Each structure stands twice: as C-alpha cells, then as structure tokens.
Amino acid sequence: MSGGGTSGRAREAVLGPPSLVVGVGASKGVPAEEVLTLIEAALRDAGLSSASLAHLATGDAKAEEPGIVEAARRLGVPLVVHGSEELARVEVPHPSDAPLAAVGTPSVAEAAALADGGELLVPKRKSERADGQPARATCAVVRRPAPHTHPRSPAN
C-alpha cells in the first residue's frame, strides 16, 4: 500500500506487550513539539507504532526538562531517568563530545535507550527545525529484550 495520502499506519508494526524504549536527549528549553515530532518521525520511518512504546528514557540532567516531560505525558508513557555515570558506561555507536561536555556522558539518547539492554532499531537522530537553526533534540529507539524464561520452565 503506497498511497500518497496515507499516513503510513497500514505499514506500522505494533509490538505487544509494549517493548520499545525511546531515549531522548535535548538542549535546555526544547519545546515538546520538537521532541514529539522527532519521536513520531523516528518510529514512522522505522515502520513502528507509538502503541508499542513502553517508556521514554533520558539522563538525570534532563529529568525535569519541560519539553521531554511533556512529550512523555502526551505519549502516555513514563519517563525513566538514568544517572550520567550509568549512561557513560553504556557502549553506543555514535558518541559525541557535546553531551560529554554538557552532562558528563558521551551519549544521552542512545545510552538512555540502551541502558537496560535491547536491540538498537533506530540509531541517534536529530530533530529538524523549519527555521534552519541547530537541532535541540535527539532520540534513539530500542526494542527491549523479551522476558526470559528458563529453558526447563513449563512455559517452554
């Protein structure tokens, strides 16, 4: 189905139970709309649905950033916060000097998404602003590992 007027929803995969984590990094004062537009585009471009979203994740330095908090509220998911030291220990494919200088970790979005493990589905991407100014938000999408059952459990 590739109609010009469709939103792409017919091609989205809905994973249940919710298993997607979106890690979010942002500059101070980022508007919720910029964060939401970025998250929605990342999910849409990967063929994923926001209905599969378990939570947003970020670093402690951004825990009270109004744009991130509001984005989580509008998406109807919790915001999980990880400490900068914890994020600094997470191996990421796209480390950067900017968050290292600002908050003490070479990654916020990818590291927050990967902090509890999982498969990186959408590497770090930046928001795009209509005014041509630098991006103020980043996100990355991870599928959390499925709950593990012991090989000898009755469920297997």
Side-chain angles (χ1 to χ4, degrees), residues 7-9 12-148:
S7 67
R9 291 231 181 256
E12 289 180 347
V14 178
L15 308 174
S19 61
L20 299 178
V21 175
V22 175
V24 181
S27 299
K28 185 173 177 64
V30 66
E33 288 305 321
E34 187 169 344
V35 176
L36 286 166
T37 299
L38 174 63
I39 291 170
E40 290 163 359
L43 293 172
R44 180 182 61 248
D45 292 352
L48 300 167
S49 170
S50 61
S52 298
L53 190 56
H55 64 265
L56 299 188
T58 194
D60 54 4
K62 300 298 174 183
E64 296 182 21
E65 183 61 46
I68 295 174
V69 172
E70 178 63 12
R73 186 193 69 74
R74 288 195 207 170
L75 288 166
V77 297
L79 177 61
V80 174
V81 178
H82 299 280
S84 293
E85 289 181 9
E86 177 186 358
L87 296 182
R89 291 190 298 268
V90 177
E91 284 192 41
V92 297
H94 303 99
S96 172
D97 290 335
L100 182 59
V103 295
T105 177
S107 172
V108 175
E110 285 180 334
L114 288 164
D116 293 323
E119 175 189 3
L120 185 63
L121 301 178
V122 179
K124 178 176 77 175
R125 67 189 272 178
K126 296 179 181 181
S127 57
E128 296 176 7
R129 295 181 50 189
D131 62 7
Q133 294 297 310
R136 291 185 286 182
T138 59
C139 80
V141 182
V142 165
R143 180 175 34 227
R144 293 191 301 195
H148 292 70

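In this text the structure is predicted, and so the values were computed from the model without any measurement.
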Got more than 12 heavy atoms from elsewhere within 6.0 Å of CD, E64?
no

Would a distance-only check, ignoring hydrogens and angles, find a side-chain to backbone donor-acceptor pair under 3.5 Å from E65 to A26?
no

Could you go through the side chain to side chain contact (heavy atoms under 4.5 Å, CB included) check for V24 and K62 one step at a time?
CA-CA 9 Å; V24 181; K62 300 298 174 183; over 6 Å; no

Roughly how far, to the nearest 0.5 Å, is the CG atom of L38 from the CD atom of E128?
8.5 Å

A42 to V141 - nearest heavy-atom pair and separation:
CB-CG2, 4.3 Å

Determine yes or no for a side-chain-to-main-chain donor-acceptor pair under 3.5 angstrom, with S52 supplying the side chain and L20 the backbone.
no

Hey, are the side chains of T138 and V108 touching, using non-hydrogen atoms and a 4.5 Å cut-off?
no

Looking at R74 and E33, would you say the former's side chain and the latter's main chain have a donor-acceptor pair under 3.5 Å?
no

Main chain of S127, side chain of E34: is a donor-acceptor contact present, judged purely on distance under 3.5 Å?
no

Note: P99 and S107 closest approach over all heavy atoms is CG-N, 4.1 Å

Can you list the steps and then say if V21 with D116 is a side chain to side chain contact (heavy atoms under 4.5 Å, CB included)?
CA-CA 9 Å; V21 175; D116 293 323; over 6 Å; no

Report the residues that fulfil side chain to side chain donor-acceptor pair (under 3.5 Å) with S84, sequence neighbours left out, ordered by chain and then residue number.
D60

Nearest heavy-atom contact between S50 and L43 is CA-CD1, 3.9 Å

At their closest point, which heavy atom of G104 faces which heavy atom of A88, and how far apart are they?
O-CB, 4.0 Å

State which residues pass side chain to side chain donor-acceptor pair (under 3.5 Å) with R73; sequence neighbours excluded, sorted by chain then number.
E70

Might you point out which heavy atoms bring V103 and A61 nearest each other, and give the distance in Å?
CG1-CB, 3.4 Å

Any side-chain heavy-atom pair from I39 and L56 closer than 4.5 angstrom?
yes

Distance-minimising heavy-atom pair for A140 and L120:
CB-CD1, 4.2 Å

Partners passing side chain to side chain donor-acceptor pair (under 3.5 Å) against E119 (at least two apart in sequence or in another chain)
R143

Quick check: does any side chain N or O of E110 sit under 3.5 Å from a backbone N or O of K124, one acting as donor and the other as acceptor?
yes

